[in-house]
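The structure appears below as structure tokens.
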Amino acid sequence: MLARMTYTSARDRTFELLELGRGRDRGSIALDWFLATLVICNVIAVVVETVPAIYARHHMNFLYFEIFSVAIFTIEYVARIWCVTSDRFVAELGPIRGRLRTMRNPYLIIDLLAILPFYIMLFTTIDLRALRVFRLLRFFKLTRYSTALTTLFNVIRHESRSLFASFVVMLGLLIASSTLMYHMERTVQPEEFGSIPASMWWGLATLTTVGYGDVTPVTVAGKLFGGLVMIFGLGMAALPIGILATGFSEEIKRRDFVVTWGMVARAPLFSKMDAVEISHIMTMLRAKVAKAGSVIMTPGEPADALYFIDRGEVEIRVSKEEVYVLQDGDFFGERSLLKHGPRTAWATATHDTRLLMLDRDDLLNLLASHPHIAEHFNEAAAERRPDVDFSHVEPVSHRHDRD
């Protein structure tokens, strides 16, 4: 029984390190940095060893580094397949079917292709040195650890139809321009424009705005048409760039929406709110990152916002005897806001902390329009400051009208 528990806990911990803990677990962060650094070093080694003088002097060092890298990447690959059943969605498929399905994941396919050439060359006498170029596939392992590269691949996948459509338009324009230039120049320059395929070299260089200049039209009609193709080429070159730029913008908005939604939905204060209400609150919140040891608020300063702790830890010090430690999902700064007075306590981040800020006016309107939120405020605040009551709060607009 103890062996079974140890096996399960080891598998779950491995899953946390490789998958769940990314960006949060210190062990996972250290492991990601190590693997990413190893990938970069492998790419550098593949490039540098092509220099004959360097390879002749250090070929054994390159070999030892390759063996070490393959061993690490093999352990990583096997560990990812072994621990994946800790994911409840995969576990529902069963240990064998779940792992086989996971092996079809693009990331794991890249992991396999990155180490497979080494084992093929190890167990065969055929000269397969050409397969060593596949080691460069290890570069794509960085997509697992780089948010920027992951975003790029997501954009390409989401915009694949638009990119394919622009490619089709580009291909059609290439064929049309090459065909017309063939008829204009074939009698004058039979070597360069003797066929439509031969004319396509000029068309491709012109439409992509590269303009090598090795093949150019000499007739008046050819030059005029060539200038027109250049103008079309400028527009066509900008089309996929515009698609990718728009895709990047939309992907970042989607990612920010998901992250912010998760932060708001996790806060116990908003647990009873529906999707429409959470979406409304998301427009009010502002994010703030507080480094460990930094002061968030001090006594005497104006109270202009309520703080929610998304991740981290904050120490609230009212006096030497009165100290509170708040963690994920907690909030602070409410007392001064509701009493319309200055801050009366110190708030210090004891760890790197991510906060969400809700401005005072937005808070008052929110409490007035959502009584259940005011009730939750009372329950949570009563544990720390029983003299604060959120039950009777008027919207800011009403107080302004009365004033």
Practice item. Would you check, one step at a time, whether the test side-chain contact (heavy atoms from CB on, under 4.5 Å) holds for Phe73 with Asn42? Key: CA-CA 11 Å; Phe73 291 144; Asn42 268 260; 3.9 Å; yes
Review point. Relative to each other, are the rings of His58 and Phe62 parallel, tilted or perpendicular (30° and 60° limits)?
Key: perpendicular
Point to revise | Polar side chain donor-acceptor pair, Glu313 to Thr350, under 3.5 angstrom | key: yes
Revision key, fill the gap. Closest non-hydrogen contact found for Arg104 with Ile109 is O-CD1, 3.5 Å
Review point. Are any non-hydrogen side-chain atoms of Cys41 and Phe65 less than 4.5 angstrom apart?
Key: yes
**Study point:** Ser178 versus Gly203, closest heavy-atom pair with distance
**Key:** OG-CA, 4.1 Å
Study note, to complete from the structure: To the nearest 0.5 Å, atom CG of Leu356 lies from atom CE of Met284 at 13.5 Å
Check your understanding: With no hydrogens and no angle check, do the side chains of Glu16 and Ser28 hold a donor and an acceptor under 3.5 Å apart?
Key -> no
Exercise for review: Determine whether Gln327 and Ile309 make a side-chain contact, defined as any pair of heavy atoms from C-beta on separated by less than 4.5 Å.
Suggested key: no
Review point. Do the non-hydrogen side-chain atoms of Asp362 and Leu306 ever get within less than 4.5 Å of each other?
Key: no
Review point. Is the number of heavy atoms from other residues, nucleotides or ligands under 6.0 Å of Tyr119 OH greater than 12?
Key: yes
**Study point:** Short side-chain to backbone donor-acceptor contact, Thr246 and Ile243, under 3.5 Å
**Key:** no
Review point. Just by modelled atom types, is the Leu180 backbone N or O under 3.5 Å from a matching donor or acceptor in the His183 side chain?
Key: no
Review point. Looking only at heavy atoms, what is the nearest atom pair of Glu185 and Gly222, with distance?
Key: OE2-CA, 3.5 Å
Review point. Heavy-atom count around Glu301 CD within 6.0 Å, excluding the residue itself: above 12?
Key: yes
**Study point:** Atom pair CD1 (Ile72) and CD1 (Ile67), whose distance is rounded to the nearest 0.5 Å
**Key:** 13.0 Å
**Study point:** Evaluation steps, side-chain contact (heavy atoms from CB on, under 4.5 Å), between Arg286 and Asp359
**Key:** CA-CA 9 Å; Arg286 294 182 290 118; Asp359 288 338; 2.8 Å; yes
Check your understanding: Should Tyr307 and Val314 count as side-chain neighbours, where that means a heavy-atom distance under 4.5 Å?
Key -> no
Practice item. Return yes when atom OH of Tyr77 has more than 12 non-hydrogen atoms of other residues, nucleotides or ligands closer than 6.0 Å, and no otherwise. Key: yes
Review point. Would you find more than 12 non-hydrogen atoms of other residues, nucleotides or ligands less than 6.0 Å from Tyr107 atom OH?
Key: yes
Practice item. Supply the atom-to-atom distance Asn105 CG to Leu112 CG, rounded to the nearest 0.5 angstrom. Key: 12.0 Å
Practice item. Taking all heavy atoms of Ala221 and all of Met184, pick out the closest pair and write down the distance. Key: O-SD, 3.8 Å
Review point. Is the backbone N or O of Arg157 less than 3.5 Å from a side-chain atom of Ser160, with the two atoms forming a donor-acceptor pair by type?
Key: yes
Revision key, fill the gap. Interatomic distance, CZ@Phe225 vs OG1@Thr219, rounded to 0.5 Å, equals 11.0 Å
Practice item. Check whether any side-chain heavy atom of Trp202 lies under 4.5 Å from a side-chain heavy atom of Thr216, and answer yes or no. Key: no
Check your understanding: Applying the side chain to side chain contact (heavy atoms under 4.5 Å, CB included) test to Ile296, which of Ile316, Leu355, Thr348, Thr353 qualifies?
Key -> Leu355
Point to revise | For Val229, the option from Leu224, Leu173, Leu174, Thr206 that meets side chain to side chain contact (heavy atoms under 4.5 Å, CB included) | key: Thr206
Practice item. Please examine the side chains of Met181 and Phe193, heavy atoms only from C-beta on, and report whether any two atoms are closer than 4.5 Å. Key: yes
Review point. So how far is it from Leu31 CG to Thr14 OG1, rounded to the nearest 0.5 Å?
Key: 10.0 Å
Review point. If every non-hydrogen atom of Pro342 is compared with every non-hydrogen atom of Gly300, which pair is closest and at what distance?
Key: CB-O, 3.7 Å
Exercise for review: With the side chain counted from C-beta on, respond yes when Met236 and Val169 share a heavy-atom pair under 4.5 Å apart, and no when they do not.
Suggested key: yes
Check your understanding: Parallel under 30°, tilted from 30 to 60°, perpendicular over 60°: which one fits the rings of Phe34 and Phe68?
Key -> perpendicular
Point to revise | Backbone of Ser195 reached by a side-chain donor or acceptor of Arg186 within 3.5 Å | key: no
Check your understanding: Are Thr208 and Met170 close enough, and set up right, to give a side-chain contact (heavy atoms from CB on, under 4.5 Å), and what steps lead you there?
Key -> CA-CA 9 Å; Thr208 56; Met170 189 81 166; 4.1 Å; yes
Practice item. Before giving the answer on side-chain contact (heavy atoms from CB on, under 4.5 Å), spell out for His158 and Glu250 the whole-Å C-alpha distance, their side-chain angles and the decisive distance to 0.1 Å. Key: CA-CA 10 Å; His158 292 151; Glu250 293 178 352; over 6 Å; no
Practice item. Would you please name every residue forming a side-chain hydrogen bond (donor to acceptor under 3.5 Å, both in side chains) with Tyr64, sequence neighbours left out? Key: none
Check your understanding: Is there side-chain contact between Phe15 and Thr85, with heavy atoms separated by less than 4.5 Å?
Key -> no
Review point. Roughly how far, to the nearest 0.5 Å, is CE of Met297 from CH2 of Trp346?
Key: 11.0 Å
**Study point:** Non-hydrogen atoms of Arg343 and Thr298 that approach each other most closely
**Key:** CB-O, 3.2 Å
**Study point:** Exceeds 12 heavy-atom contacts within 6.0 angstrom, atom CG of Leu234
**Key:** yes
